[in-house]
Protein chains: 2
Amino acid sequence: MQEMITIFQDYLQQNGLRLTSQRELIARTFFQNRGHISTEEIYRQVRKIAPGIGFATTYRTMKLLAESGLASLRRFGEGFSRYEPAGTAEHHDHLICTKCGKIIEFENDRIEALQKSVARRHGFHVTDHKLEVYGLCRKCRQ
Amino acid sequence: MQEMITIFQDYLQQNGLRLTSQRELIARTFFQNRGHISTEEIYRQVRKIAPGIGFATTYRTMKLLAESGLASLRRFGEGFSRYEPAGTAEHHDHLICTKCGKIIEFENDRIEALQKSVARRHGFHVTDHKLEVYGLCRKCRQ
DNA sequence: AATTAATATGAGAATCATTGTCAAGAAAAA
DNA sequence: TTTTTCTTGACAATGATTCTCATATTAATT
């Protein structure tokens with residue numbers, strides 16, 4: 001976590017930006033949470049500690065975190081964005097229950113390998129991918 | 001194509017709705033196009049033929065087409081929606097060039113099978129999925 | 001055909017997430 | 001300290017999409 005802040009700071013410095021108290025608070029709040037958090041939710045949590053903070057600053061900072069490679073943006077078709085920690089962990093995909101909204105992360109190297117081979121066949125060089133599998137979780141199937 | 005209109009009409013009738021000239025024009029325009037068309041683009045094309053048509057009607061009709069199972073909504077993170085023909089064809093995924101925006105469709109049964117097995121392992125019953133592979137196409141890599 | 005009930009339409013307002021603007025504040029550089 | 005640069009918060013603006021509503025159209029009923 002401390003390391004994350006350091007990485008963020010390095011990124012900022014390298015771009016002539018500063019690690020302000022607002023940015024640090026937002027970043028810490030983000031890292032404290034388990035993934036898939038919405039900007040709105042970050043904003044709410046941050047406001048409990050620093051009520052004066054603006055949502056523009058929250059949006060701006062989340063964008064910086066994404067640019068620094070520490071956060072990655074996900075859109076699950078809910079009409080708003082979510083961010084999840086990135087950079088250290090493996091790339092992973094999502095299993096989403098369409099009834100209760102539960103999100104499970106998974107990784108599968110064989111799927112990734114197949115994606116690359118399909119891409120190669122079409123002359124593409126893969127830089128990223130997004131796989132969302134929708135369905136009903138055990139509970140919601142009753 | 002005529003068949004599509006008939007299916008659409010059936011869907012509408014079964015829901016106490018009517019196939020108006022506007023709806024038919026929008027549906028025909030949609031089917032004439034190759035997939036991944038934005039609502040905006042449909043609206044533009046439709047207006048050439050019927051300048052009086054409103055964008056609200058276009059949005060409403062695209063939604064009906066999706067509900068009828070003839071169109072399926074895709075969001076590629078561009079900030080707006082696209083629709084593609086659905087219902088008859090196999091499910092397919094997308095290979096997207098992050099530089100020129102080119103979109104290639106592909107299908108891969110092995111990937112789908114792996115998805116199902118991962119889902120099963122987590123107690124999920126898969127109803128749908130979305131796979132987008134991002135990268136650079138041959139041209140854009142130069 | 002006339003009347004009544006239901007559904008559609010277009011125009012524009014409203015919404016919602018996100019981004020831009022700008023004056024005022026804080027930090028770093030000179 | 002003065003100047004330059006970067007930040008911030010408040011709020012306006014944006015852009016896609018949806019809602020509202022008065023009017024029009026179609027279907028159902030008399």
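We use all heavy atoms of the structure for the numbers below, so side chains are in, but hydrogens, waters and symmetry mates are not. Within every chain, numbering begins at 1; the chains are lettered A, B, ... in the order of the sequence lines, protein sequences first and strands thereafter.
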Asker: If Ile, Leu, Val, Met, Phe, Trp and Tyr residues are connected whenever their side-chain heavy atoms lie under 4.5 Å apart, and connections chain through other members, are B/Ile104 and B/Ile37 in the same group?
Answerer: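 Looking at the clustering, B/Ile37 is in a separate group from B/Ile104.
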Asker: Nearest nucleotide by nearest heavy atom, which residue falls closer to the 5' end of DNA chain C, A/Arg82 or B/Gly16?
Answerer: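 Its nucleotide being nearer the 5' end, the pick is B/Gly16.
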Asker: Calculate the interatomic distance between A/Ile42 atom CD1 and C/dT18 atom P; express it in whole Å.
Answerer: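 Going from CD1 in A/Ile42 over to P in C/dT18 covers 13 Å.
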Asker: To the nearest Å, how far apart are B/Glu24 CD and C/dT9 P?
Answerer: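 Distance check: B/Glu24 CD to C/dT9 P gives 12 Å.
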Asker: Find the distance B/Lys63:NZ to C/dA8:C1' and express it as a whole number of Å.
Answerer: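 Distance check: B/Lys63 NZ to C/dA8 C1' gives 16 Å.
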Asker: For the pair made of CG in A/Leu19 and P in C/dA26, what is the distance, rounded to whole Å?
Answerer: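 Nearest whole value for this atom pair: 17 Å.
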Asker: In terms of hydrophobic clusters joined by side-chain contacts under 4.5 Å, are B/Leu73 and A/Phe76 together?
Answerer: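 No, no single cluster joins them.
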Asker: Once rounded to the nearest 0.5 Å, what's the spacing between atom NE2 of A/His92 and atom CD of A/Glu107?
Answerer: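 Going from the NE2 atom of A/His92 to the CD atom of A/Glu107 covers 8.0 Å.
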Asker: So, A/Arg28 and A/Glu24, do they make that salt bridge, N to O below 4.0 Å?
Answerer: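 Salt bridge flag = yes for A/Glu24 with A/Arg28.
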Asker: Verify the neighbour count for atom NZ of B/Lys116: are there more than 12 heavy atoms of other residues, nucleotides or ligands below 6.0 Å?
Answerer: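 Counting other residues, nucleotides and ligands, NZ of B/Lys116 stays at 12 neighbours or fewer.
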Asker: Among C/dA11, C/dA17, D/dT17, which is the nearest nucleotide to the side chain of B/Thr39?
Answerer: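 Shortest atom-to-atom distance from the side chain points to D/dT17.
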Asker: How many whole angstroms separate atom CZ of A/Arg23 from atom C1' of D/dG9?
Answerer: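 It works out to 13 Å between those atoms.
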Asker: Quick one: do B/Leu65 and B/Ile7 end up in the same hydrophobic cluster if we chain Ile, Leu, Val, Met, Phe, Trp and Tyr together by side-chain heavy atoms under 4.5 Å apart?
Answerer: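 In one cluster with B/Leu65: B/Ile7, yes.
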Asker: By a strict heavy-atom criterion of less than 4.0 Å, which residues belonging to residues 53-60 of chain B are in contact with DNA chain D?
Answerer: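 Per residue number, the list reads B/Phe55, B/Ala56, B/Tyr59, B/Arg60.
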Asker: If you assign A/Phe80 and B/Arg47 each to the DNA chain C nucleotide with the nearest heavy atom, which residue ends up on the more 5' nucleotide?
Answerer: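 Closer to the 5' end of DNA chain C: B/Arg47.
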Asker: Can you tell me how far C1' of D/dT23 sits from CD of B/Gln22, to the nearest Å?
Answerer: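 Checked: the CD to C1' distance equals 14 Å.
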Asker: What's the CG-C1' distance between B/Asn15 and C/dA6, to the nearest Å?
Answerer: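 Atom CG in B/Asn15 sits about 15 Å away from atom C1' in C/dA6.
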Asker: I need the A/Tyr43 OH to A/Tyr59 OH distance, nearest 0.5 Å.
Answerer: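 Going from OH on A/Tyr43 over to OH on A/Tyr59, the span is 10.0 Å.
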Asker: With a cut-off of less than 4.0 Å, is there a side-chain N or O of B/Thr20 near OP1 or OP2 of C/dT9?
Answerer: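 Answer yes for this pair, as a side-chain N or O of B/Thr20 is under 4.0 Å from OP1 or OP2.
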Asker: Once you round it to whole Å, what is the distance between C1' of D/dT8 and CZ of A/Arg18?
Answerer: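 Rounded to whole Å, this separation is 12 Å.
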